[in-house]
Every structure is written in C-alpha cells, then in structure tokens.
Amino acid sequence: MGTVEIQIRTSQRVQARNITREVSKAVQGRTGSLLHVYTPHTTCGLTINEEADPHVTQDIMEALDRTVPRNYPYKHMEGNSDAHIKSTITGCAVTVPFSQSGPALGTWQGIFLMEFDGPRERKIFVTILE
Amino acid sequence: MGTVEIQIRTSQRVQARNITREVSKAVQGRTGSLLHVYTPHTTCGLTINEEADPHVTQDIMEALDRTVPRNYPYKHMEGNSDAHIKSTITGCAVTVPFSQSGPALGTWQGIFLMEFDGPRERKIFVTILE
Amino acid sequence: MGTVEIQIRTSQRVQARNITREVSKAVQGRTGSLLHVYTPHTTCGLTINEEADPHVTQDIMEALDRTVPRNYPYKHMEGNSDAHIKSTITGCAVTVPFSQSGPALGTWQGIFLMEFDGPRERKIFVTILE
C-alpha cells in the first residue's frame with residue numbers, strides 16, 4: 001500500500017504533539033515488520049518518549065530551549081534557526097518494530113511530533129516495511 | 001522470524017553498555033538487508049559510536065550530563081527528567097545495513113545501550129528487514 | 001541489489017556536505033519503499049535539514065560547537081572527542097520514504113554528511129528496503 005500521509009495541525013510555536021493515535025490508526029490492519037514515521041519539514045522533528053506525564057515532553061522542550069535559545073545572532077535570517085537546529089537534534093524520522101497487533105511501543109512510549117516553529121499544518125508520512 | 005527480544009542488565013545509573021555481541025548473536029544466520037535495534041524504554045537510548053577506546057563513550061556521557069544536568073528544577077517529579085531528555089537526544093533506535101556476513105558496522109563502530117537511569121533490566125528488540 | 005557504497009571527500013574539519021545528489025543518483029531506477037543512508041564512521045554524522053540557505057547548516061554546526069566545544073579536557077586523547085559526541089547527537093543514519101520517483105524529501109530538505117573531524121574520505125552506504 002506504500003506510504004500513507006496524515007496531516008497534523010499544531011497550535012503553539014513550541015509543542016510536543018502526541019501523534020500515536022493518528023499514526024496507529026493510519027496503519028491499522030496492515031502487516032509488516034517495521035513502522036516508519038517521517039516528517040518532510042525542517043523546523044519540526046519526531047521523537048518517542050513518555051506519554052503518561054506531559055511534564056516529560058515539557059522538560060524536553062525546555063531543555064532544548066536552554067541549549068539552543070530562540071534568540072541568538074544566527075546567520076539564517078528567518079528567525080527560526082533554533083527550530084532547524086532542534087530538528088537535527090531530534091531527527092525527522094522514528095522507527096518502531098511492527099506486528100499484526102500494531103507498533104511495539106513500550107508501556108510508557110508515545111510518538112511525538114516536536115513542533116519547534118508553529119503553529120503550522122504538518123505532514124507526516126507513515127510507512128510499513130515488510 | 002520477526003523481532004527477537006534480548007535482555008540487558010545495566011549496572012550503573014549512567015552507563016554506555018556495548019551490546020554489539022548480543023545483537024549480532026541474536027541475528028546470526030539471518031538474511032535481509034537492514035538490522036533494526038530498538039529499546040521500548042524512555043530513560044535509556046541507543047547509539048553507534050567508537051568501541052575501541054571506552055573513553056569515547058565516557059566523554060559522550062559526560063558531555064550529555066553537562067548539557068542536561070541531573071539536578072535541575074524539572075517539572076516531571078520522578079528525578080529522572082535528565083534521562084528522558086537524553087533519550088530523545090540519542091534516540092531509541094539504531095539501524096545498520098545487513099548482509100549474510102552480519103551488520104555492516106565500521107571498523108571502530110559498536111552498538112551501545114545508553115543507560116541514563118539504571119541500574120535496570122532493559123529490553124532490546126532486534127529486527128531484520130528484507 | 002543490496003547496499004551501494006559511495007565515497008564523499010570532505011574539505012574542512014567541520015562541514016555540512018550536501019550529499020542529496022550523490023545519494024539520489026546511487027538509487028536511481030530502484031524500486032522499494034524506504035531509503036536508508038548510513039555512514040560507518042564515528043566522527044561524522046548524517047542529518048536531513050534545509051538545503052536552500054547554507055546558513056541553516058552553518059547555524060547547526062556552530063550551535064553544536066557551542067554545546068560541545070572542540071577544546072575541553074576530554075578523556076579520549078585523540079583530540080576529536082567533540083566529533084564523536086556530535087556524531088551521537090546527529091546519528092549515523094537517516095531514512096526517507098522512497099518510491100519510483102525517488103526519496104520523498106520535503107521541498108526544503110536535503111541530506112547532509114555532517115563532517116566533524118575532516119577533511120577525510122568518507123564512505124556512505126545506501127540501501128533501498130522493500
């Protein structure tokens with residue numbers, strides 16, 4: 001069936017948006033051995049981390065911001081260099097082993113779209129590998 | 001054959017545990033084109049880096065600790081926010097091209113479980129893609 | 001066809017070298033669903049980020065250097081610990097959904113070899129998964 005595209009609308013400049021439900025739904029009933037999630041943008045990222053306590057992703061966002069502040073004399077003149085840098089730190093793809101019962105996420109794991117320059121409409125490409 | 005699970009026991013709070021041997025053994029004799037290694041936890045990570053000199057992974061752990069200190073007024077109240085943040089920085093999966101002779105790791109490369117909140121028993125999922 | 005190896009010569013110690021063209025050429029005409037790009041070295045990395053404005057990758061390199069300075073009393077005595085650490089932060093593999101029309105990179109995305117300890121001759125392994 002190839003790659004499925006889903007759309008996620010973020011609502012803040014910086015936001016860890018849990019997309020586990022949308023991703024799981026997009027691949028429901030599929031067979032294969034690996035789930036690949038990808039974002040074709042350069043100012044957001046993807047990560048897998050704890051979804052139970054929202055403070056966890058908030059701590060992650062704030063730590064990234066202390067390390068890569070928004071305001072700094074960057075060379076790129078669009079005011080979002082911090083977002084590009086954070087995108088490289090998290091990466092723009094995540095992979096999870098997959099079976100008929102779905103992605104093999106751990107008990108506490110969720111898949112997050114890490115928005116660093118929103119709010120925006122973001123594309124997510126979901127692929128199941130054989 | 002699908003995904004194989006292996007167990008790794010770490011022995012310190014912060015430890016770069018070389019798991020190359022365990023992973024290679026788990027996929028011995030398999031055929032396919034890509035090795036996928038995954039950890040379903042949110043306070044450890046996986047990375048590929050130099051295995052010859054243990055000082056390399058020690059420098060990595062110490063640099064992560066300077067950037068993301070253990071003690072900080074984090075919002076998540078379990079005392080391990082630094083571990084969650086470091087897990088997002090390293091990621092919880094690594095992939096290596098694979099052939100009949102095994103993973104195509106470079107001369108100096110090894111696969112490491114990056115324990116940020118041990119000691120614990122950790123699960124590792126190993127998958128070979130076609 | 002398995003994994004294809006390409007060679008990239010970097011020209012500076014620290015350099016974000018756009019390898020999108022070389023990678024795309026290596027897999028031209030291939031069929032499959034995922035592109036996997038890998039570097040078997042431990043002092044460089046791979047990332048996907050904006051290729052339109054070279055200031056973006058320059059800002060990334062400089063931010064990594066502020067976080068992980070070259071000069072520091074590291075334990076590894078080869079003078080390139082910062083390169084190993086940055087390699088773990090970016091990772092040594094990237095993946096992109098793939099179709100007959102090529103890798104599904106976003107409008108602004110390019111694939112970069114992140115050289116942290118050049119200039120050197122670097123190997124890149126390119127694999128297409130089914």
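Source: prediction; values computed, not measured.
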- Query: How long is the span from the NZ atom in Lys86(A) to the NE2 atom in His84(A), to the nearest 0.5 Å?
  - Reply: 12.0 Å
- Task: Name the option with the most non-hydrogen atom pairs under 4.5 Å to chain A; the candidates are Ser99(C), Pro54(C), Ala104(C).
- Result: Ala104(C)
- Item | Interface residue of largest heavy-atom contact number with chain C, from Glu130(A), Lys123(A), His41(A), under 4.5 Å | His41(A)
- Item | Lys/Arg-Asp/Glu bridge criterion (N-O < 4.0 Å) met for Asp117(C), Arg13(C) | yes
- Within 6.0 angstrom of Arg66(C) CZ, more than 12 heavy atoms from elsewhere: yes
- Message: Using a 4.5 angstrom heavy-atom cutoff, name the option from Thr95(C), Leu64(C), Thr90(C), Ile48(C) with the most pairs to chain A.
- Response: Thr95(C)
- Could you tell me which of Val56(C), Ile89(C), Asp53(C), Thr47(C) has the largest number of non-hydrogen atom pairs under 4.5 Å with chain A? Val56(C)
- Message: Heavy-atom pairs under 4.5 Å with chain A - which of Pro97(C), Gly106(C), Gly32(C) has more of them than the others?
- Response: Pro97(C)
- Note on the structure: With chain C, the option among Ile128(A), Thr67(A), Leu129(A) that has the most non-hydrogen atom pairs under 4.5 Å is Leu129(A)
- Item | Contacting region of Gln109(C) [heavy-atom separation from chain A under 4.5 Å] | both
- Item | Distance, nearest 0.5 Å, that separates CG of Asn80(A) from OG1 of Thr42(A) | 7.5 Å
- Task: Please lay out, stage by stage, how Arg9(C) and Arg122(C) fare under the test side-chain contact (heavy atoms from CB on, under 4.5 Å).
- Result: CA-CA 6 Å; Arg9(C) 166 148 285 282; Arg122(C) 297 299 199 175; over 6 Å; no
- Message: Does any backbone or side-chain atom of Val94(C) lie under 4.5 Å from a heavy atom of chain A? Answer side chain, backbone, both or neither.
- Response: neither
- Item | Test item: Gln100(C) and Arg30(C) side chains (from C-beta on) under 4.5 Å apart, heavy atoms | no
- Honestly, the part of Thr43(A) sitting under 4.5 Å from a heavy atom of chain C is neither
- Query: With under 30° as parallel and over 60° as perpendicular, where do the rings of Tyr72(A) and Tyr74(A) fit, or are they tilted in between?
  - Reply: tilted
